[in-house]
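Here's the structure we're looking at; comments come further down.
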Protein chains: 2
Amino acid sequence: MRVSREQAALNRERIVEVASKLFREKGYDGIGVADLMKGAGLTHGGFYGHFDSKEDLLAEACGKAMDYSVAQWRSRLERHPEDPLGTMARAYLNETHRDSAGKGCMVAAMGPDVARAGEAVKNALTRGVKEQLALLAARLPGTPQAQRQRAMAAYAAMLGGLVMARAVNDPELSKELLEAVVSQLEQA
Amino acid sequence: MRVSREQAALNRERIVEVASKLFREKGYDGIGVADLMKGAGLTHGGFYGHFDSKEDLLAEACGKAMDYSVAQWRSRLERHPEDPLGTMARAYLNETHRDSAGKGCMVAAMGPDVARAGEAVKNALTRGVKEQLALLAARLPGTPQAQRQRAMAAYAAMLGGLVMARAVNDPELSKELLEAVVSQLEQA
DNA sequence: ATTATCTATAGATCTATAGATAATGC
DNA sequence: ATTATCTATAGATCTATAGATAATGC
């Protein structure tokens, strides 16, 4: 039953990976430790050898998901320096992202959950958000202050557009919301 | 123990009222039927005389909270027809709203929860969102299409700004986010 | 007689822990 | 000998229901 130190480290990584997906899909209270472990191919008793608590895992899962998002933002912005807002808006506000929360933006999937969580969780998210804002701001025109303000407003619009598009029942309205924010950011 | 038909109707209303507050504060899975009933001054066994299920109550709580928000939007927009975006932005994006989720926007507090809920819940939210968008759009300049697009983009920016401001750990960043979106909407 | 609410509980789940097991790493 | 994982379970919670109680509304 025991595995090598190396395999244990891989198991731990896989738990975080699975958790970052399932938390985003089902919410923090929507998935239990036993099912998270099952998703990683382990039994739930082993969980507490890897983490102190479920919320500890959430903090790590947030960190991992944010790191991945930051890398995505960086690569997109580097590939399209001529149109940062339009590029990010189209990548963020589309039906694929809307319909696959488990692979998408942690803030959009878990914002209210994180707001209710402890400091470690919020720290992980905050660090990622700051990086994203810095990446985007650096590509925008204007004074440093204007860059920062525009980056924040753009991120807010994308985030809110995605949250609304997911919460709403009417497929036409949902699509319209995505497109409206994209259009607004393309012409900004 | 039994109360009058009239009192029972008031009790039912109070359950919905309490639920709309506690769901927004703690999330759908963050508060149980027993504590909701205790919040309304009743025992939890009586719950199922009023509602078929907890999710049924969520749908009603969403409807009630959205109705209240719609009335607030309407009154604000009527009082300040000269600056709809700035007025709404300042009313929505401030520290009071950020720090009292239980009394605030249902979409910002429960967006992801609603996205995972059943059709009745989504219907209640969608109906409210449509009314809010119509109210705001009617006050904006441009063609009907432009009005609608601007209303959607503005609502998205407000919503996203609030969600981020709540999720983030750094008080300065949180305030900056609120102010950045307000500034953007004031000059739009 | 009807019914709104109560007490009590079924049955399922949840986080976390205790102790056994068996393979690794010294 | 150490330790990663397992089985089993404690103890708390959760939604929902059953049946008793007592006041309303006919």
Side-chain angles (χ1 to χ4, degrees), chain A residues 1-62 110 113-114 116-118 120-121, chain B residues 1-20 22-62 110 113-114 116-121:
Chain A
M1 297 187 174
R2 188 188 167 193
V3 301
S4 74
R5 206 161 287 188
E6 193 182 9
Q7 182 56 245
L10 290 175
N11 285 349
R12 190 195 150 97
E13 262 188 75
R14 206 167 62 255
I15 298 169
V16 176
E17 192 76 41
V18 164
S20 88
K21 173 163 177 270
L22 292 177
F23 281 146
R24 278 177 284 180
E25 276 177 8
K26 297 165 184 296
Y28 179 65
D29 290 319
I31 183 83
V33 170
D35 285 330
L36 288 168
M37 290 298 276
K38 191 183 286 180
L42 298 164
T43 57
H44 81 276
F47 178 83
Y48 294 90
H50 290 291
F51 307 94
D52 282 350
S53 68
K54 189 188 179 188
E55 186 158 320
D56 250 44
L57 171 62
L58 175 60
E60 288 214 32
C62 279
M110 304 265 300
D113 277 326
V114 171
R116 287 185 285 263
V121 175
Chain B
M1 298 187 173
R2 188 188 168 195
V3 301
S4 75
R5 207 161 286 187
E6 193 182 9
Q7 182 56 245
L10 289 175
N11 286 348
R12 189 195 150 96
E13 262 189 74
R14 207 168 60 257
I15 297 169
V16 176
E17 192 76 41
V18 165
S20 89
L22 293 178
F23 281 147
R24 278 177 282 180
E25 277 178 7
K26 299 167 183 293
Y28 179 66
D29 291 317
I31 184 81
V33 169
D35 285 330
L36 288 168
M37 290 298 276
K38 190 183 286 180
L42 298 163
T43 58
H44 80 276
F47 178 83
Y48 294 91
H50 290 291
F51 306 95
D52 282 350
S53 69
K54 188 188 180 189
E55 185 158 321
D56 250 43
L57 171 62
L58 175 60
E60 288 214 31
C62 279
M110 305 264 300
D113 278 326
V114 171
R116 287 184 285 263
E119 298 304 298
V121 175

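- As a whole-Å value, the separation of B:Lys26 NZ from D:dC14 P is 11 Å.
- For the pair A:Ile15 and A:Phe51, the minimum side-chain heavy-atom distance is below 4.5 Å.
- The shortest distance between side-chain heavy atoms of A:Leu57 and A:Phe47 falls below 4.5 Å.
- Remark: C1' of C:dT13 and NZ of B:Lys54 are 13 Å apart, rounded to the nearest angstrom.
- Proximity of residues 14-23 of chain A to DNA chain C (heavy atom under 4.0 angstrom from any strand atom) is not detected for any residue.
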**Prompt:** Would you write out the dot-bracket form of DNA chain D, 5' to 3', with Watson-Crick and G-U pairs under 3.5 Å, [ ] for crossing pairs, | for pairs to other strands and . for unpaired bases?
**Reply:** ||||||||||||||||||||||||..
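- Distance check, rounded to the nearest 0.5 Å: NZ of B:Lys38 to CD1 of B:Ile31 gives 9.5 Å.
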**Message:** Counting primed atoms plus P, OP1 and OP2 as sugar-phosphate and everything else as base, spell out the protein contacts along nucleotides 3-12 of chain D at 4.0 Å heavy-atom distance: B, S or - for each nucleotide, 5' to 3'.
**Reply:** BBSBBBB---
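- No side-chain heavy atom of A:Tyr28 sits less than 4.5 Å from a side-chain heavy atom of A:Val121.
- Looking at B:Leu22 and B:Asp35, their side chains never come closer than 4.5 Å, going by heavy atoms from C-beta outward.
- Note that the CZ atom of B:Arg14 and the NE2 atom of B:His50 stand 9.0 Å from one another [nearest 0.5 Å].
- Counting heavy atoms from C-beta outward, B:Met110 and B:Arg24 have side chains that approach closer than 4.5 Å.
- Residue-environment remark: NZ (A:Lys54) exceeds the threshold of 12 foreign heavy atoms within 6.0 Å.
- The nearest pair of heavy atoms linking B:Cys62 to B:Val114 is SG-CG2, 4.2 Å.
- Between the CG atom of A:Asp35 and the C1' atom of C:dC14 there is a distance of 11 Å, given to the nearest Å.
- Remark: of the listed residues B:Glu6, B:Gln7, B:Arg5, B:Gln7 is the sole one forming a side chain to side chain contact (heavy atoms under 4.5 Å, CB included) with B:Val3.
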